[in-house]
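I have placed the structure first, in the form of structure tokens, so that the comments after it can refer back to it.
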Amino acid sequence: MRASTSKVLLALMAAAALLGAACGSDGGAEPVGAGGGGESQSSPEATEEQETGPTEETVTGTEYEFDAPDTLAAGEVTLNFENAGKEPHEMLVFKINDESTVEELLKLPQKEAQQHITMVGRAFAKPGESGSKPVSAELEPGRYGMVCFVPAPDKEPHAFKGMFGEFEVTE
Ligand SMILES: [Cu+2]
């Protein structure tokens, strides 16, 4: 008995709630929804995604130089490496911790040079191929360098034939 009574009550309450909602929305809600919802929704979000998404660039190596961007935006960066040359090439990427240039660092003994830099990553590619793995890292603003130490046919590392570069990561 009690159960059926409360079911009726619940049904009545639900009906009252529906009526109440219907009455309330009659006045103001409908015209707002009907008008123009589509325009303002997507554009601010899309801009944010572009700002925070990973930056992807391709660096090309040939004999004996890198073709790379001069500047990159700080944050998540993916550097693909393509070998457009006839010899194997690598792309060693590092952050320069002081005012040294890559050219200056190449003149130092290896152990000493390493004290001026922080390694970021390495990619390698055979002639005419793309590197199997890009260099992906979270880069903070600063100066960065890249070099290739693959030996040329005359045994001299490519870096000493000019295969090095610098780029800047900006805020
Ligand atoms: Cu090389």
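Computed from a predicted model, the values in this text were never measured in an experiment. Remember, it's 1-based here, ligands and their atoms both numbered in the order they're listed. Excluded from the calculations below are hydrogen atoms, water molecules and symmetry mates; all remaining heavy atoms, backbone and side chain alike, are included.
Here His89 contributes ND1 and Cys148 contributes SG, and at the Cu ion (ligand 1) these two atoms make an angle of 140°, given to 10°.
For Arg143 and Asp98, the salt-bridge test fails: no basic side-chain N is under 4.0 Å from an acidic carboxylate O. Salt bridge present: Arg122 and Glu90 bring a charged side-chain N and a carboxylate O closer than 4.0 Å.
Atom ND1 is the N/O/S atom of His158 found closest to the Cu ion (ligand 1).
Look at Met163 and the Cu ion (ligand 1): an N/O/S atom of the residue is under 2.8 Å from the metal.
Within a 6.0 Å radius of NZ in Lys161, other residues, nucleotides and ligands contribute more than 12 heavy atoms.
Below 30°, between 30° and 60°, or above 60°: for Tyr144 and Phe167 the angle between ring planes is below 30°, a parallel geometry.
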